[in-house]
Amino acid sequence: MTSATRQPQPPAAAARPRLIATDLDGTLLRDDKTVSPRTVAALAAAEEAGIEVFFVTGRPARWMDVVSDHVHGHGLAICGNGAAVVDLHGGPGTHRFVKVRALARENALDTVRLLREAAPGTVYAVEQTYGFNQEPGYPKLHLEVPDALRPAEELLGPDGPAPDEPVLKILAFHPTIEPDAFLTLARLAVGDRANVTRSSPSALLEISGPEVSKASTLALCCAERGISHEEVVAFGDMPNDVEMLTWAGQSYAMGNAHPDAVAAASGRTVANNDDGVARVIEHLLERFS
């Protein structure tokens, strides 16, 4: 682990970065959900140097107000673990969806059924592009009021709320299973019907369409810009960052990261509360200036 005094160094053979991809919670944001002045300055300096900064998060678009002032020129963020690319220029409540990679309702219903069988007691919520719905037994994990309270099968059915609105992901919570054990169990039960990951310290799973991940959507965005994976620097801290950390040419797990993220990354920086992302960006700018 990189200490608070020893600065993280890019690999000697690293390519000059053209894009920085950073997770938010537990990575760019401090534990109080703010962006430190040092991090704000580092992001602005990267953009001024011609390096695009993409926020790549499990958060829905409506929770992006914490960084909407720092999106600079392109204004794009990858939300919902890769389920959507969102233009944040309009501010909270007016975000425009540039790309949506939905979870098919048939796959979602299969996933709900299989996980109910494998882990009785699982409760669900459903994220759509603009709506959030949940089962009556789903705990108050989010600071918002759901649009509808119904069983998941009804929420995902043809008579559910906003049936023509894409489903970005379903959330599955279990009150007693250990988080990593729940993730392993769910992946075995669901198979290739969906992509299952997690970013919460609780037993809360995030379930997206097959092959939808932070990495796969980031790769699409980079391909559109002619940017190779070797020219990407990524930061993350949880299992939902693993694919992105593996894909990027340079990647850094935070000092507070989950062991799976540490194993996937090519490097390590200090914790989110110690400006780990900013420290790496500063050294990259110094090295490639």
Side-chain angles (χ1 to χ4, degrees), residues 1-57 64 66-78 85 87-89 214-215 217-219 221-237 241 244-257 261-262 264-289:
M1 171 178 171
T2 306
S3 72
T5 55
R6 180 174 176 270
Q7 302 297 322
Q9 297 289 340
R16 185 187 190 283
R18 293 178 59 194
L19 188 143
I20 291 168
T22 178
D23 173 52
L24 295 181
D25 297 283
T27 300
L28 189 81
L29 302 180
R30 294 182 291 196
D31 287 348
D32 63 2
K33 306 304 179 185
T34 62
V35 186
S36 75
R38 182 175 181 177
T39 298
V40 170
L43 295 176
E47 292 274 2
E48 188 175 344
I51 303 171
E52 286 194 68
V53 177
F54 262 67
F55 301 124
V56 188
T57 178
M64 294 299 289
V66 291
V67 291
S68 57
D69 290 339
H70 311 299
V71 292
H72 303 282
H74 59 85
L76 300 178
I78 296 173
V85 180
D87 186 340
L88 302 180
H89 275 131
K214 290 184 176 186
T217 300
L218 178 61
C221 291
C222 287
E224 292 168 356
R225 290 159 174 75
I227 296 174
S228 70
H229 74 96
E230 291 92 348
E231 298 170 307
V232 176
V233 180
F235 299 89
D237 73 307
D241 297 310
M244 179 174 73
L245 294 172
T246 302
W247 179 81
Q250 297 180 57
S251 60
Y252 294 86
M254 309 306 293
N256 50 289
V262 174
S266 59
R268 194 153 189 205
T269 185
V270 295
N272 60 319
N273 286 332
D274 297 321
D275 297 312
V277 173
R279 290 174 186 242
V280 174
I281 292 175
E282 290 163 359
H283 281 273
L284 289 171
L285 295 176
E286 181 180 349
R287 175 178 175 182
F288 292 105
S289 61

For this session: Kindly compute the distance separating CD1 (Ile227) from CG (Leu218), expressed to the nearest 0.5 Å.
Result: 9.0 Å
Seminar exercise, completed: One should read off an interatomic distance between Leu88 CG and Leu76 CG, to the nearest 0.5 angstrom, of 7.5 Å
Problem set entry | CA sep, side-chain torsions, deciding dist, call: Val35, Leu29, side chain to side chain contact (heavy atoms under 4.5 Å, CB included) | CA-CA 5 Å; Val35 186; Leu29 302 180; 3.5 Å; yes
For this session: Evaluate side chain to side chain contact (heavy atoms under 4.5 Å, CB included) for Phe55 paired with Thr22, printing each intermediate quantity in order.
Result: CA-CA 5 Å; Phe55 301 124; Thr22 178; 3.8 Å; yes
Exercise. At their closest point, which heavy atom of Val53 faces which heavy atom of Glu47, and how far apart are they?
Worked result: N-OE2, 3.1 Å
Exercise. Is Val277 close to Tyr252 at the side-chain level, that is, under 4.5 Å between some pair of heavy atoms?
Worked result: no
Exercise. What heavy-atom pair brings Thr57 and Met64 nearest, and what distance separates the two atoms?
Worked result: CG2-SD, 3.7 Å
Problem set entry | Gap between atom CZ of Phe54 and atom CG of Leu19 - 0.5 Å precision | 6.0 Å
Problem set entry | Set of residues satisfying side chain to side chain donor-acceptor pair (under 3.5 Å) with respect to Glu48, sequence neighbours excluded | none
Exercise. What residues, two or more places apart in sequence or in another chain, satisfy side chain to side chain donor-acceptor pair (under 3.5 Å) together with Thr34?
Worked result: Arg30, Asp32
Exercise. If you take all heavy atoms of Ala42 and Leu285, which pair is closest and at what distance?
Worked result: O-CD1, 4.4 Å
Seminar exercise, completed: Minimal heavy-atom distance between Ile78 and Cys221, with the atoms involved, is CD1-SG, 4.1 Å
Problem set entry | Thr269 vs Met254 side-chain heavy atoms within contact, under 4.5 Å | yes
Problem set entry | Asn256 (side chain) donor-acceptor with Asn272 (main chain) under 3.5 angstrom | yes
Exercise. Any sub-3.5 Å donor-acceptor pair from Arg16's side-chain atoms to Glu231's backbone N or O?
Worked result: no
For this session: Please name the pair of heavy atoms, one in Glu282 and one in Arg38, separated by the smallest distance, quoted to 0.1 Å.
Result: OE1-NH2, 2.7 Å
For this session: Report the relative orientation of the aromatic rings in His229 and Trp247; use parallel for angles under 30°, tilted for 30 to 60°, perpendicular for over 60°.
Result: tilted
For this session: Decide side chain to side chain contact (heavy atoms under 4.5 Å, CB included) for Cys222 and Val232; before the verdict, give the C-alpha distance in whole Å, the side-chain angles of both, and the deciding distance to 0.1 Å.
Result: CA-CA 9 Å; Cys222 287; Val232 176; 3.7 Å; yes
Exercise. Could you state the interatomic distance from CD (Glu286) to CG (Leu284), rounded to the nearest 0.5 Å?
Worked result: 10.0 Å
Problem set entry | Chi angles and distances behind the side chain to side chain contact (heavy atoms under 4.5 Å, CB included) call for Asp25, Lys33 | CA-CA 7 Å; Asp25 297 283; Lys33 306 304 179 185; 2.8 Å; yes
Exercise. To the nearest 0.5 Å, how far apart are NZ in Lys214 and CG in Asp23?
Worked result: 3.5 Å
For this session: Could you tell me which non-hydrogen atom of Ile51 sits nearest to which non-hydrogen atom of Pro17, and how far apart they are?
Result: CG1-O, 3.6 Å
